[in-house]
Amino acid sequence: MTQSLPTLHSPNLMAALARMQSISLRDLLETDPKRVERDVVEVAGLRLDWTRQRLDAAAWDALHALADEAGVWSALERQRAGAHVNTTEDRAALHMALRLPRSARCVIDGHDVVEDVHEVLDAMAGLVERVRTGVHTGYSGRAIRSVVNIGIGGSDLGPRMVCRALQPMAPDAVDGRPLEMHFVSNVDGAALDAVLRTVDPETTLFIVASKTFGTQETLTNARSARTWLLGHAGGDPEAVARHFVAVSTHAGRVAEFGIDTRNMFGFWDWVGGRYSVWSAIGLPIALYLGMDGFRAFLAGAHAMDRHVLETPARGNAAIRMALVDVWNHNLLGACARVVLPYDERLKLLPAYLQQAEMESLGKGVRHDGTPVAEQTGPLVWGAVGTDGQHAFYQLLHQGTRWEPTEFVGVARAEHALPEHHPILLANLVAQAEALALGKTADEASREMAAEGLPSEVVARLAPHRTFPGNRPSTVILLERLDPAALGALVALYEHKIYLLATLWGINAFDQWGVELGKQLAGRVLEDFSTVGAGHPHDPATTATLAWLRPRLTRS
Ligand code: F6P
């Protein structure tokens, strides 16, 4: 698929850029009475607020023209209809089909996949019911108490983030407590070791989650977990059947590993790893929240799909989000987006989005293999508020570089100390305001004079106590953090990513950039144990290997 990239240098966009570079956010906020009406969208329990972006009505017009020119509507329709939008792997990217209701139809390559999707959901529901009611027991007949998900990247981050976010909503299992959830991703043995020290082999269910079932980290951890279990279960292979289930697209490798494929929950190659939380990869979520909770998560995402597919561009949250990123990165020159959830439950959202966005959008060539002419994926990073305020916000407010920020907050607290909540959210609102408005030298000086500081101190400190402001942010507020709202939020980001890829003409669904490191790690691993000449390496790598080889802990 060759795409003609719309120009980011249209006269209207260039005029908008020149205008926005000569007016501050402070002035825009004061002089544009339509801002709130125009730049806030409410959908599926979310309130998205772009009023603090450096955009006026005409700049939005120019951006929407860009979206039209890039063909965002036909791109969405092609994706929905199952076209092979993942061009380098010749596959559809149909995570939307995973959240369709049972009554819907979605034909991919001549086959309606909705039935398959619901068949797997029903199978998941069966296991969830058996585990949560204590019918599915471990080798000694005791009910399952802990679940350990072994997976990495897209087979880890989604369920890990969602389970943490919805922790207050996890219902009690058979023994009157929510299940204990653990996630092991890193091949560093310390990660699995730490979990195995806390769980009881008699009551632990392992989920080995890997789309390919060929990922070194996951298989290494899964083998060690199996050895640990067999060690406790007297080597009884029947224990593996009771304590291990697999989630994968690859039945052959699952069987080869030693997990009965009757204990496998499948998905399909048209589900990308980082878009797979809606598939059986979401099994930890279903076990933790119950199937109703998981289905509500899917329904929230489906509501967002409908919004994105059906809402005209100016009210369309995903199109606007994508355009804001293009504006900040390609026109204003930012290189990162800082994700700042003001909610402990959303602590893992930055990490989740890091994979979703950076693995999807970190591309240097278009679909047709030609180099992209502009910057693509922003660096995505962030941390939970208010912690970040006492760590890196200094740079966000007064550093020489500016980066756009994205605040995420939830109106309703779900814990026993709700009196903290206004303090938390006051900080979110204040930070967005401070970044946008800043503080002029005059204001800083007046403040210091009012504090009674001598005029020479006022003059000396004024530059240090001045804030440039004009630093854009988006504020996303949720009424409540429940499965539906979280599903809608995650789906919104997914749509934004695809639309950005469309605007840049790149493939959001492959990840060739992770392959080289994997390949070389295989060779280096062999060379750790090779005496004499192993694989050829550059001098720096050879020297590193020579230092490490005699010192490395191997067993
Ligand atoms: O990091 C590369 C990657 O392929 C991701 O895209 C994927 O989510 C992760 O590895 C795990 O892959 P798998 O689910 O096949 O084990």
Side-chain angles (χ1 to χ4, degrees), residues 85-95 98 120 148-163 183-188 191-192 206-226 244-259 261 264-285 348-363 376-377 379-380 490 493-494 497-498 501 506-522:
V85 292
N86 179 352
T87 46
T88 61
E89 295 178 306
D90 196 17
R91 291 173 184 167
L94 250 178
H95 34 280
L98 299 169
V120 175
V148 181
N149 189 75
I150 297 177
I152 197 164
S155 299
D156 165 71
L157 288 161
R160 191 195 281 257
M161 183 273 287
V162 173
C163 286
F183 293 85
V184 177
S185 51
N186 197 347
V187 74
D188 184 342
L192 179 62
F206 292 93
I207 303 172
V208 186
S210 175
K211 179 177 172 183
T212 55
F213 229 78
T215 303
Q216 183 189 47
E217 293 92 329
T218 299
L219 294 188
T220 304
N221 281 323
R223 277 188 214 103
S224 298
R226 184 178 54 188
F244 276 78
V245 298
V247 178
S248 186
T249 58
H250 214 298
R253 289 182 184 161
V254 169
E256 210 176 292
F257 178 85
I259 297 180
T261 48
M264 169 183 151
F265 299 87
F267 61 112
W268 306 274
D269 70 358
W270 43 265
V271 182
R274 53 193 174 274
Y275 301 91
S276 63
V277 65
W278 325 98
S279 72
I281 289 291
L283 183 60
I285 305 169
L348 300 180
L349 184 66
Y352 176 80
L353 292 178
Q354 221 163 40
Q355 191 211 14
E357 301 201 20
M358 292 174 74
E359 201 164 87
S360 298
L361 299 172
K363 311 288 164 65
T376 57
L379 304 171
V380 178
V490 175
Y493 280 112
E494 288 181 346
I497 291 167
Y498 176 58
I506 60 177
N507 183 357
F509 302 115
D510 60 9
Q511 58 283 319
W512 299 105
V514 300
E515 294 306 322
L516 178 59
K518 287 186 196 172
Q519 248 173 32
L520 294 183

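What's counted below: heavy atoms across the whole structure, side chains too, no hydrogens, waters or symmetry copies. Indexing begins at 1, ligand by ligand and atom by atom, following the structure's order.
Rounded to the nearest 0.5 Å, atoms CD (Gln355) and CD (Gln511) are 8.5 Å apart.
If you check the side chains of Ser360 and Arg274, you find a donor sitting under 3.5 Å from an acceptor.
The backbone N or O of Asn186 lies less than 3.5 Å from no partner atom in the side chain of Glu217, so there is not a single donor-acceptor pair.
Considering only residues two or more places apart in sequence or on other chains, Tyr275 meets the ring pair (Phe, Tyr, Trp, His ring centres under 6.0 Å) condition with His95, Phe509. Residues satisfying the salt bridge (Lys or Arg N to Asp or Glu O under 4.0 Å) test with Asp188, not counting sequence neighbours, are none.
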What does the N/O contact table under 3.5 Å look like for ligand 1?
from: ligand 1; atom 1: 1 (O); to: Glu359; atom 2: OE2; distance (Å): 3.3
from: ligand 1; atom 1: 6 (O); to: Glu359; atom 2: OE1; distance (Å): 2.5
from: ligand 1; atom 1: 8 (O); to: Gly154; atom 2: N; distance (Å): 2.7
from: ligand 1; atom 1: 8 (O); to: Gln355; atom 2: NE2; distance (Å): 3.3
from: ligand 1; atom 1: 14 (O); to: Ser155; atom 2: OG; distance (Å): 2.6
from: ligand 1; atom 1: 14 (O); to: Lys211; atom 2: N; distance (Å): 2.7
from: ligand 1; atom 1: 15 (O); to: Ser210; atom 2: OG; distance (Å): 3.4
from: ligand 1; atom 1: 15 (O); to: Lys211; atom 2: N; distance (Å): 3.4
from: ligand 1; atom 1: 15 (O); to: Thr212; atom 2: N; distance (Å): 2.9
from: ligand 1; atom 1: 15 (O); to: Thr212; atom 2: OG1; distance (Å): 2.6
from: ligand 1; atom 1: 15 (O); to: Thr215; atom 2: OG1; distance (Å): 3.4
from: ligand 1; atom 1: 16 (O); to: Ser210; atom 2: OG; distance (Å): 2.6
from: ligand 1; atom 1: 16 (O); to: Thr215; atom 2: OG1; distance (Å): 2.5

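The salt bridge (Lys or Arg N to Asp or Glu O under 4.0 Å) analysis of residues 148-160, with sequence neighbours excluded, yields the pairs Asp156-Arg160.
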